[in-house]
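Numbered from 1 within each chain, the chains take letters A, B, ... in sequence-line order.
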2 protein chains.
Amino acid sequence: MSHRGPAPDMATSVEAEDPRVTRTRHAVREAVRSLVQRAGFEGVSHQQVAAEAGVGRATVYRHWPTRTDLLLHALAEVEVPRHWQSSGDLATDLAKELQRLQRTLSSSPLVPELVALIGRAEWDAELRGTKAELLAAGTAGLRRALEAAIEREELPADHDLDTTIARLAGPLFYRRVLAHAPLEDAFVTKIITAYVNEVSASG
Amino acid sequence: MSHRGPAPDMATSVEAEDPRVTRTRHAVREAVRSLVQRAGFEGVSHQQVAAEAGVGRATVYRHWPTRTDLLLHALAEVEVPRHWQSSGDLATDLAKELQRLQRTLSSSPLVPELVALIGRAEWDAELRGTKAELLAAGTAGLRRALEAAIEREELPADHDLDTTIARLAGPLFYRRVLAHAPLEDAFVTKIITAYVNEVSASG
DNA sequence: TAGTCTACGAGACAGAGCGTCTCACAAAGT
DNA sequence: ACTTTGTGAGACGCTCTGTCTCGTAGACTA
């Protein structure tokens, strides 16, 4: 998922990274995240980042010439769930995944970052790619749950996953990002039961 | 819906506006919109706006001291549908309103502006209010349709409008803003029929 | 029509941020 | 011990910001 540089955290990396570079990269990443959360993308300047990270200004320019580079470096790493196990029941799987999404959207300090990313991605093609990656990672669980249901023939093979994901996750994003309303459990439950009923009715 | 100044376009205004001011306000509004569409919020500076509008820099500062003021001036005017008439059938009303929303999201040149607004509103309380107004205006038709259905007792009186609106409009926003996928008719149709089936089944 | 009022544009100004550059230093690798 | 290389400090020219003054032209008023 990382865009630049050699793979981190590997004991025997093919090409070891200079410890000084490692330190810089880490400090800058934390600084950018902190700044974005406090003041939005517009609060992120090379100058601010350098001060916040305790790093020379020239150093920041050397590694990340543009503002987009800085943002990508701070945001482009996401954990994709490695192992995923279906419970064998679509409703259960969906409930689990949507509740995970609900928790993330409700509490994660990165949400403001992501919203800012969405806004800026409208003009920045490079960020648009990152946005797509993050979205795919965030909804990967939902996708797996639906794919498992298709394999069990609980859903028809031609079921449109993207549409369904939009219908399940869309309302959550709407409430959190657009309406700024709290994401109650009842809301999530309603979405799931409505969808499951619809599936069982048609199938 | 307009925040500042007397009502425009009225032949016998209570307090007529100086034509020079009218000219300035109009030129600046167009300039801001053009700039936001081309370069995002970050492309909007007093300097740029002044140049684009063919207006003195001091004049821009006089009317709109902050960047937020500029953005509000350009975005804060929305037409709310004045007269709204129900067809007498919920499915028909919803189809009409969602298709209107679909058209707006698909084609309006203001969509990038709105996405940028969403992102910036995460930190700017003043813009957050405007965002709420725009959202309310954009979904007013949906709300009216649902209210009419409640009056006809097609929906229970305690039906949660906000939840329903999120479930209907959320997927559209998700597709357009997050997934950058086209909004096909089939997608919209599916959302409506699913919801209508759900209502008739429970009612 | 004459006179007053007021928004305007041009430009000066200090201050801050930006992006680039040089240079001495210290840490890393050999 | 020697070379390489990333670093931090600071100087630089440049642009943008926000405020100011001032002469002008257009808009109300009598």
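Within the 3.5 Å criterion, the main-chain N or O of B/Ala74 finds a donor-acceptor partner in the side chain of B/Arg33.
Here A/Arg176 pairs with B/Glu122 under the side-chain hydrogen bond (donor to acceptor under 3.5 Å, both in side chains) rule; sequence neighbours left out.
Taking atom CG on B/Asp18 and atom P on D/dA27, their separation rounds to 7 Å, with Å as the unit. Atom CH2 in B/Trp64 sits about 18 Å away from atom C1' in D/dT17, given to the nearest Å. Note: CD (A/Gln47) to C1' (D/dG8) measures 14 Å, nearest angstrom. Rounded to an integer number of Å, the gap from CD of B/Glu17 to P of D/dC28 is 10 Å.
Looking at B/Arg143 and B/Glu97, no side-chain N of the basic residue comes within less than 4.0 Å of a carboxylate O on the acidic one, giving no salt bridge. Between B/Glu147 and B/Arg144 there is no salt bridge, since no side-chain N of the basic residue sits under 4.0 Å from a carboxylate O of the acidic one.
Relative to the axis of its first five pairs, the axis of the last five pairs of the helix from C/dT1-D/dA30 to C/dT30-D/dA1 sits at 30°, rounded to 10 degrees.
Among the candidates A/Leu135, A/Leu134, A/Val177, A/Thr139, the single residue satisfying the side chain to side chain contact (heavy atoms under 4.5 Å, CB included) test with B/Leu178 is A/Leu135.
Side-chain contact of B/Thr22 with B/Glu17: a donor-acceptor pair under 3.5 Å is present, judged by distance alone.
Each of A/Arg62 and A/Val44 has a nearest nucleotide on DNA chain C; the 5'-most of these lies closest to A/Val44.
Within the 4.0 Å cut-off from OP1 or OP2 of D/dG6, not a single side-chain nitrogen or oxygen of A/Thr24 is found. Between B/His46 and the phosphate of D/dG18, there is a side-chain N or O to OP1/OP2 separation shorter than 4.0 Å. The shortest distance between the side-chain N/O atoms of A/Thr59 and the OP1/OP2 oxygens of D/dG8 is below 4.0 Å.
B/Ser108 OG to B/Leu114 CG: the interatomic distance, rounded to the nearest 0.5 Å, is 6.5 Å.
Side-chain to base pairing of A/Arg57 with D/dG10: no donor and acceptor N or O lie closer than 3.5 Å to each other.
The span of DNA chain C lying next to chain A, judged by atoms under 4.0 Å from heavy atoms, is bounded 5' to 3' by C/dG17 to C/dG29.
B/Pro19 comes within 4.0 angstrom of sugar-phosphate atoms only, judged by non-hydrogen atoms across all strands, and of no base.
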